[in-house]
Q: 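The structure's right below; bear with me while I get my questions together.
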Amino acid sequence: MPANLPQEAKAKWNEVTLTKNPETRLALMDEFLSLVPKHKGTEKLRMHVKRQMAQLRDEIEKKKKQAKKTGGPSYYVQKAGAAQVAVIGPPNVGRSSLLKATTNSSVEVTSWPWGTTTPTPGMLPYEDIQFQLVEIPPIMEGSSEGKAEGFMNLASVRNADGIIIMVDLQDDPAGNYLMIARELDNSRILTYKPPGDVEIVKRGHGRDIQFVWEGELLGCTTDEIIDLLNEYKIRSALVHIRGKVSIDVVEDAIFGNAVYRPTIVLANKVDLGFNQGAFEQLSQAASPVEVIPVSCKEHGDLQRLIGEKLFDLLDIIRIYTKESGKDPAKEPIVTHDGATVADLAKMIHNDFYERFKYAKLWGPAAKFDNEKVGLDRELKDGTIIQLYT
Ligand SMILES: Nc1nc2c(ncn2[C@@H]2O[C@H](COP(=O)(O)OP(=O)(O)OP(=O)(O)O)[C@@H](O)[C@H]2O)c(=O)[nH]1
Ligand SMILES: [Mg+2]
């Protein structure tokens, strides 16, 4: 249900979104809250804004501390490899052990909980690519409100391309999974693909709302959406509609910062006994997210298993470029299902896109080897391509 805010509140929110300075933004958010009536319909919204404010306060505080020190290492792990995957869970479930068993990480496994206190990376090789796993310090009840460096840790999760949630199969796996899922949801990190999503790109000029359609509206009309945006003083914007979108989703997009991160769940420590009941309960709680039973202690080919799962989960495809008369490159360019020749040309260099004449393809995306194709041809994993400009 849309929150039905009074005009002044909507106008105030518009001011918030136009303000980059954290201190001013915080003050404006406070003014915004004072203009929002307190009733059931606005509860979610008020919570959401309060959380954003708490996070902002935290960031301002951190920045002050950081400014006093000189430099200091960043909390965030720089991305490397084909994708960055955050490994999260409650304390002591075996996240460090997973990195030890499957990556080159020098992380320490400790018999006590909270052994890992900063995000710690490791590279997992899979065929001719690598995934970067990042162990995030424990997530607990209240992390989304800032407990136990929660804002920093959840910001690191948001920054990743995918998520591995790990629980201990011997220790209330369903309950712990649901706790983690709640903290993610509170932080607007979605582990499942929403049925639709909206992107609103505001423009500084013009006075019209334009739609880009890759989906449809559910229970509302374009006029109602335009009215809603106008109420928030958004008069010129590109509104990208994907999938099935209700008016709530549009309002979410005005405030929101919901992101989807593909996720799998690992039920660890199966070497200590496989509790069928606990596993089924966990699978039910996590559905439609896949749950995989593992042991980081007696792990067999865990590296291969995790590599395969991540490869499928993240919809990755590998493209091999080639020059005339030479063998294809050994190292692939990594992109995603649905990418076209145009996307790839832009990825290599905008020049390849702008001066593009045609491409030649070999392998899965070609109807026959050495096929001449244009910019709109979709690529598939394993395609070999030569670009002509
Ligand atoms: N039996 C068994 N023990 C495991 C397994 N994985 C981890 N452990 C043990 O569980 C304890 C915690 O392991 P870690 O890998 O440090 O767990 P963590 O999730 O990184 O924990 P913190 O970062 O300290 O919160 C250690 O004593 C590990 O030896 C497993 O698959 N089987
Ligand atoms: Mg650890």
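We number each residue from 1, following the sequence as shown. Note that this is a predicted model, so its numbers are computed, not measured. We count ligands from 1, going down the list as the structure has it; atoms in each ligand are counted the same way.
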Q: Should Glu141 and Lys147 count as an ion pair when the cut-off is N to O under 4.0 Å?
A: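 Answer for the salt bridge query: no.
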Q: Give a yes or no on whether a salt bridge exists between Arg188 and Asp185, defined as a side-chain N under 4.0 angstrom from a carboxylate O.
A: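 Looking at Arg188 and Asp185, the cut-off is met.
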Q: Would one find an N or O of Val93, backbone or side chain, under 3.5 Å from an N or O of ligand 1?
A: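 Yes: some nitrogen or oxygen of Val93 is under 3.5 Å from one in ligand 1.
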Q: Strictly below 4.0 Å, N to O, side chains only: are Lys12 and Glu15 in salt-bridge contact?
A: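 Yes, this pair counts.
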Q: Give the atoms of ligand 1, by number and element, whose distance to some non-hydrogen atom of Cys296 is under 4.0 Å.
A: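 So the answer, numbered in order with elements, is 6 (N), 30 (C), 31 (O).
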Q: So which atom in Leu169 and which in Gly273 form the shortest heavy-atom distance, rounded to 0.1 Å?
A: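 Nearest pair, atom of Leu169 first, then Gly273: CD2-O, 4.3 Å.
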Q: Tell me the nearest of Ser97, Ser295, Gly89, Pro90 to atom 14 (P) of ligand 1, using heavy-atom distances.
A: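 Considering heavy atoms of Ser97, Ser295, Gly89, Pro90, the nearest to atom 14 (P) of ligand 1 sits in Ser97.
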Q: How about the Mg ion (ligand 2), which protein N, O or S atoms come within less than 2.8 Å?
A: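 Listed by chain and number, the nearby protein N, O or S atoms are Ser96 OG, Thr116 OG1, Glu135 OE2.
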Q: Considering the heavy atoms of Pro113, write down every atom of ligand 1 situated less than 4.0 Å from one of them.
A: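 Here the atoms of ligand 1 in question are 24 (O), 25 (O).
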Q: Please determine if Asp30 and Arg25 form a salt bridge, counting it only when a charged side-chain N lies under 4.0 Å from a carboxylate O.
A: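 Looking at Asp30 and Arg25, the cut-off is not met.
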Q: Report, in ascending order of atom number, the atoms of ligand 1 lying under 4.0 Å from any heavy atom of Ser96.
A: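 Result: 15 (O), 16 (O), 18 (P), 20 (O).
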Q: With the threshold set at 4.0 Å, does a side-chain nitrogen-carboxylate oxygen contact exist between Arg377 and Glu371?
A: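 Salt bridge present between Arg377 and Glu371.
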Q: Looking at atom 18 (P) of ligand 1, what's its closest protein heavy atom, distance included?
A: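 Sorting protein heavy atoms by distance from atom 18 (P) of ligand 1 puts Arg95 N, 3.4 Å first.
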Q: Please check if the number of heavy atoms outside Glu331 that lie under 6.0 Å from its CD is greater than 12.
A: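 Atom CD in Glu331 is not packed in, count stays at 12 or less.
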Q: Quick one: which of Val167, Asp168, Asp171 gives a side chain to side chain contact (heavy atoms under 4.5 Å, CB included) with Lys269?
A: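 With Lys269 as partner, side chain to side chain contact (heavy atoms under 4.5 Å, CB included) holds for just one option, Asp168.
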Q: In terms of atom number and element, which parts of ligand 1 are under 4.0 angstrom from non-hydrogen atoms of Pro138?
A: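 Numbered from 1, ligand 1 contributes 25 (O).
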Q: Do NZ/NE/NH1/NH2 and the carboxylate oxygens of Lys79 and Asp161 come within less than 4.0 Å?
A: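 Salt bridge: yes.
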Q: In the protein, which heavy atom is nearest to atom 24 (O) of ligand 1, and how far is it?
A: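 Ranking protein heavy atoms by distance from atom 24 (O) of ligand 1, first comes Gly115 N, 2.6 Å.
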Q: Check ring pair (Phe, Tyr, Trp, His ring centres under 6.0 Å) between Tyr192 and all other residues, then give those that pass, not counting sequence neighbours.
A: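 Scan of Tyr192 (ring pair (Phe, Tyr, Trp, His ring centres under 6.0 Å), adjacent residues dropped) gives none.
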Q: Which option, Leu99, Val109, Val87, Val270, owns the non-hydrogen atom nearest atom 28 (C) of ligand 1?
A: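 That would be Val109.
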Q: Please report whether ligand 1 has a polar contact with Pro91, defined as an N or O pair separated by less than 3.5 Å (distance criterion only).
A: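 No - when backbone and side-chain N and O of Pro91 are compared with those of ligand 1, no distance drops under 3.5 Å.
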Q: Please report whether ligand 1 has a polar contact with Trp114, defined as an N or O pair separated by less than 3.5 Å (distance criterion only).
A: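 For ligand 1, there is an N or O atom that lies under 3.5 Å from one belonging to Trp114.
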Q: Could you establish whether Glu135 and ligand 1 come within less than 4.0 Å of each other, counting only heavy atoms on the residue side?
A: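 For ligand 1, residue contact (heavy atoms, under 4.0 Å) with Glu135 is present.
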Q: Taking NZ, NE, NH1 and NH2 as the nitrogens, is one of them in Glu308 or Arg304 under 4.0 Å from a carboxylate oxygen of the other?
A: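 Arg304 and Glu308: salt-bridged.
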Q: Closer than 4.0 angstrom, basic N to acidic O: yes or no for Glu216 and Lys244?
A: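 Salt bridge flag = yes for Lys244 with Glu216.
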Q: Identify the protein heavy atom lying closest to atom 9 (C) of ligand 1, giving its residue, its atom name and the separation to 0.1 Å.
A: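 Minimum-distance protein heavy atom for atom 9 (C) of ligand 1 reads Lys269 NZ, 3.9 Å.
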Q: So between Asn92, Ile88, Asp271, whose heavy atom ends up nearest atom 21 (O) of ligand 1?
A: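 Ranked by closest heavy atom to atom 21 (O) of ligand 1, first place is Asn92.
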Q: At a non-hydrogen distance cut-off of under 4.0 Å, which region of Leu272 contacts ligand 1 (side chain, backbone, both, or neither)?
A: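 Side chain only; the backbone of Leu272 stays clear of ligand 1.
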Q: Below 4.0 angstrom, N of the basic side chain to O of the carboxylate: do Arg318 and Glu127 qualify?
A: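 A salt bridge is present here (some side-chain N lies under 4.0 Å from a carboxylate O).
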